[in-house]
Structures are given as C-alpha cells and as structure tokens.
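When a residue number appears, it is its place in the shown sequence, counting from 1. Values below: every heavy atom of this structure, side chains too, minus hydrogens, waters and symmetry copies. Not measured: the values here are computed from a predicted model.
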Amino acid sequence: MEAFSLNIRGKLRRYERPAVMGIVNVTPDSFYADSRTFADEEIATRVTGMIAAGVDIIDVGAYSSRPGAGDVTHDEEAARLQRGLSIVRQIAGPDIPVSVDTFRADVARRCIEDWGADIINDISGGSIDPDMGETAAALQVPYILMHMRGTPADMQSRTDYNDVTADVLAELGDKLAQLAILGVNDIIIDPGFGFSKTMEQNYRLLRDLRLFGLFHRPVLAGFSRKSMITRLLGISSDEALNGTTALNVLALERGAAILRVHDVRAAREAIEIVMATEGEIPHISP
C-alpha cells in the first residue's frame with residue numbers, strides 16, 4: 001500500500017500504513033447485532049474500546065443500509081447523529097478523525113459544521129442526494145465515494161452488469177470526474193462490497209481490487225461480517241470474524257488503504273502481519 005494523506009480541517013494527516021476505520025452504528029437495526037449502540041452508554045463503551053484497540057478513524061452512522069432496511073426520516077437520522085457524534089467527540093477528542101455515514105447533504109453539512117465530524121462517507125456516491133457533491137466541495141472535507149446502484153431498499157435488484165469490475169470502475173470514474181469539476185479534492189474510493197452486487201460479483205471485485213488503484217486515490221474495503229461471508233460459509237454474522245479477517249488480508253495484499261470494520265483489534269493485527277510479510281516490521285501500539 002502506498003502512503004496517503006487526508007486534509008482534516010486544514011491539517012494534512014499522513015498515513016504511512018493502512019488505516020482502520022471503526023464502525024459505530026447509532027441505530028437499533030443494523031445487520032450485525034453487536035454493532036448496535038443506540039444508548040449513550042453503549043456508544044461510549046464501544047468508542048472507548050475502539051480507541052484502546054488503536055482505531056485510526058471512527059465512522060458514525062444512523063441509517064441502516066442493510067438490504068431491505070426500513071427508511072429513517074431526515075429528522076430522526078439527524079437527531080441520532082447529533083447525539084452519537086457528541087459522545088464520540090467527548091471520548092475521542094480532537095485527534096481521531098470522525099466520518100459521518102450519510103447520503104443526505106444537509107445532514108452531512110450539519111455533522112461537519114456543528115457536530116464535529118471531519119469526513120463524509122456517502123454510500124450512494126451522490127446518486128440519492130444530488131446536492132452532496134456541492135456540499136462536500138463547499139465544506140472542503142474528505143469524501144468517501146462508494147459505488148451503489150439505487151437505494152438500500154432496492155439495491156439488490158440492480159446487479160445486472162456486463163462486467164462487474166469494468167462497470168463499477170466506469171461508474172466511479174464518471175462520478176470522480178463530476179466531483180473534480182465541483183472542486184472536491186480529497187476523495188477515497190469504496191467499491192461498495194455488498195451493495196448492488198451478488199456474492200459472486202463481490203468476490204470478483206475483490207480479486208480485481210488492485211485495478212482501483214488506477215484512480216490514484218486511497219481505496220477503502222468494507223467486508224466486515226457481511227453476507228458475502230455468511231452466505232458463502234453458511235454462518236451468522238456473529239461467527240464471521242474469521243472470514244472478515246481473511247478478506248481484509250486479501251484486500252491489503254491488493255492495495256487497500258483503509259479497512260472499515262466492526263472489530264478494530266483484529267484488523268490492526270492483520271495489517272501488522274501483512275506489513276511484516278512485505279518486509280516491514282511495524283511498531284503499532286494502541
């Protein structure tokens with residue numbers, strides 16, 4: 001993996017090794033039950049544990065994006081994020097970047113301007129809210145551009161590709177060009193594992209992940225406990241940590257710069273082992 005930098009509120013933060021993004025779901029219905037941290041004490045406990053395990057970025061979401069998930073109103077999402085981000089910032093302080101997982105531009109703006117978030121993580125890549133690109137440009141924050149077709153409610157009916165890798169690259173490339181015109185400079189690429197893809201297509205994308213380096217942007221890989229593991233192995237999400245670690249290692253070997261995970265310590269250990277295998281013995285202490 002090549003080193004990369006992110007502009008966090010005017011300060012350039014350089015990452016010499018792959019980064020671990022820890023998931024905080026301020027929602028009662030995320031697909032992985034142990035990641036649901038709806039009460040204030042649950043959020044605080046999870047964030048404290050992630051920091052102890054050495055998390056690099058904390059990703060806070062309040063809208064479950066599992067296939068077929070119910071809608072969350074604008075006001076409810078905003079209220080959840082305000083509460084969650086407040087707790088995260090109190091515990092994490094100013095030194096750990098925080099991303100907000102939302103596809104609503106006005107919600108993202110409030111999270112950045114008022115509630116302490118530093119990065120926008122948009123699962124729709126701007127396709128649900130057309131104002132998102134202009135918002136990210138105006139705020140001048142890093143933007144995670146993920147590939148998805150449709151919405152979380154109907155995305156799994158939109159898996160008709162001529163060639164999944166070529167089509168995802170082309171669709172992301174078009175959006176990158178649009179964002180560049182708007183003035184969004186700091187962009188992270190997420191192929192969108194589990195979003196608008198069949199299980200077979202997910203594994204094809206992983207096999208071809210190195211091709212996403214053609215964009216010369218950091219690549220984020222998010223497999224954590226997803227159905228591409230559970231369906232393949234016939235297990236539950238509770239049993240999917242081992243499979244997640246296997247996919248994380250394969251992604252790191254194919255150039256992933258950021259791992260988005262529920263289990264921070266396991267991801268950090270995977271990074272250490274891959275780096276050692278590549279000849280670098282890192283000193284990584286939480």
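In this model, a donor atom of one side chain and an acceptor atom of the other lie less than 3.5 Å apart for D59 and S99. With hydrogens and angles left out, the side-chain atoms of H147 and K175 include no donor and acceptor closer than 3.5 Å. In this model, a donor atom of one side chain and an acceptor atom of the other lie less than 3.5 Å apart for N185 and Q140. For D238 and S236, the side-chain atoms include no donor-acceptor pair closer than 3.5 Å. Using modelled atom types and a 3.5 Å distance limit, the side chains of S196 and Q156 yield no donor-acceptor pair. Side chain to side chain, D56 and Y15 fail the donor-acceptor criterion of an N or O pair below 3.5 Å. A donor atom on one side chain and an acceptor atom on the other are found under 3.5 Å apart for Q90 and S86.
Of the inter-residue distances, the one linking K197 atom NZ with S227 atom OG reads 12.0 Å to the nearest 0.5 angstrom. How far CD of E42 is from CD1 of I87: 10.0 Å, rounded to the nearest 0.5 Å. The distance from atom CZ of R254 to atom CG of D208, rounded to the nearest 0.5 Å, is 9.0 Å. In this structure, the separation between CD on E239 and CD1 on I229 is 12.0 Å, given to the nearest 0.5 Å. Rounding to the nearest 0.5 angstrom, the gap separating the CE atom in M199 from the CE atom in M228 is 9.0 Å. Atom-to-atom distance recorded for I128:CD1 and D122:CG is 7.5 Å, nearest 0.5 angstrom.
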So R149 and E171, salt bridge (charged side-chain N to carboxylate O under 4.0 Å, His left out) or not? Walk me through it.
CA-CA 10 Å; R149 292 175 169 178; E171 290 170 25; 2.6 Å; yes
Report the C-alpha separation of V261 and R225 in whole Å, then their side-chain angles, then the decisive distance to 0.1 Å, and conclude whether the side chain to side chain contact (heavy atoms under 4.5 Å, CB included) test is met.
CA-CA 8 Å; V261 298; R225 298 180 181 268; over 6 Å; no
Using the salt bridge (charged side-chain N to carboxylate O under 4.0 Å, His left out) rule, take R217 and D186 through it: C-alpha gap first, then chi angles, then the decisive distance, then the call.
CA-CA 8 Å; R217 308 278 186 168; D186 234 353; 5.8 Å; no
For the pair Y63 and I123, evaluate side chain to side chain contact (heavy atoms under 4.5 Å, CB included) and give the outcome as yes or no after the intermediate values.
CA-CA 11 Å; Y63 190 118; I123 63 169; over 6 Å; no
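Side chain of D263 to main chain of A266: no donor-acceptor pair is present (N/O by atom type, distance under 3.5 Å, no hydrogens or angles). No side-chain donor-acceptor contact under 3.5 Å links E134 to the backbone of D131. No side-chain donor-acceptor contact under 3.5 Å links Y161 to the backbone of A166. Using a distance-only test at 3.5 Å, with no hydrogens or angles considered, a donor-acceptor pair links the side chain of N202 to the main chain of G194. With hydrogens and angles ignored, the 3.5 Å screen pairs no side-chain donor or acceptor of R265 with any backbone N or O of V55. Side-chain atoms of Q201 come within 3.5 Å of backbone N or O of T198 as a donor-acceptor pair.
The residue from L85, D75, V26 that alone fulfils the side-chain contact (heavy atoms from CB on, under 4.5 Å) condition with R80 is V26. With R260 as the fixed residue, the side-chain contact (heavy atoms from CB on, under 4.5 Å) test singles out one of D190, I144, N248, D101: D101. Of the options I119, L220, I96, a side-chain contact (heavy atoms from CB on, under 4.5 Å) to I57 is made by I119 and by none of the others. Tested against L172 for a side-chain contact (heavy atoms from CB on, under 4.5 Å), the candidates I189, I187, D167 yield a single pass: I189. Put simply, the residue from R13, K11, R89 that forms a salt bridge (charged side-chain N to carboxylate O under 4.0 Å, His left out) with D118 is R89. A side-chain contact (heavy atoms from CB on, under 4.5 Å) with L145 is found for exactly one of L179, V184, I188, namely L179.
Nearest heavy-atom pair across G116 and V98 is O-CB, 4.4 Å. Among all heavy-atom pairs drawn from V219 and G213, the shortest one is CG2-N, 4.5 Å. Minimum heavy-atom separation, A92 to I51: CA-CD1, 3.7 Å. Between R14 and A3, the closest heavy-atom pair is NH2-CB, 3.4 Å. Here the shortest heavy-atom pairing between A105 and D129 reads N-OD2, 2.8 Å. Looking at every heavy atom in both residues, L209 comes nearest to P191 through CD1-CG, 3.8 Å.
Counting non-hydrogen atoms of neighbouring residues, nucleotides and ligands closer than 6.0 angstrom, the CZ atom of R9 exceeds 12 such neighbours. When the shell of 6.0 Å around CD of E41 is examined, it contains 12 or fewer heavy atoms from other residues, nucleotides or ligands.
Linking ILVMFWY residues whenever their side-chain heavy atoms come closer than 4.5 Å, directly or via other members, leaves L250 and I271 in distinct clusters. Under a hydrophobic clustering in which Ile, Leu, Val, Met, Phe, Trp and Tyr are joined whenever their side-chain heavy atoms come within less than 4.5 Å, directly or via other members, L176 and L211 fall into the same cluster. Put simply, L241 and F223 are part of two different groups of oily side chains (I, L, V, M, F, W, Y) that touch within less than 4.5 Å, one to the next. The cluster map of Ile, Leu, Val, Met, Phe, Trp and Tyr, joined by side-chain heavy atoms under 4.5 Å apart, puts I58 and I112 in different clusters. By the criterion of side-chain heavy atoms lying less than 4.5 angstrom apart, applied directly or through intervening Ile, Leu, Val, Met, Phe, Trp or Tyr residues, W115 is grouped together with I91 in one hydrophobic cluster.
Side chains of M21 and V264 form no contact here, defined as non-hydrogen atoms less than 4.5 Å apart. Between I120 and L139 the shortest side-chain heavy-atom distance falls below 4.5 Å. Q82 has its side chain out of reach of D114: every pair of non-hydrogen atoms, C-beta onward, lies at least 4.5 Å apart. In this structure the side chain of P18 reaches within 4.5 angstrom of the side chain of M275, judged on heavy atoms. Looking at heavy atoms from C-beta onward, L205 lies in side-chain contact with T165 at the 4.5 angstrom threshold. The shortest side-chain heavy-atom distance between F4 and I258 falls under the 4.5 Å cut-off. For the pair M132 and Y143, the minimum side-chain heavy-atom distance is below 4.5 Å. When side chains are defined from C-beta on, R46 counts as touching H262, because their heavy atoms get closer than 4.5 Å.
Remark: E253 does not engage R210 in a salt bridge, criterion side-chain N to carboxylate O under 4.0 Å.
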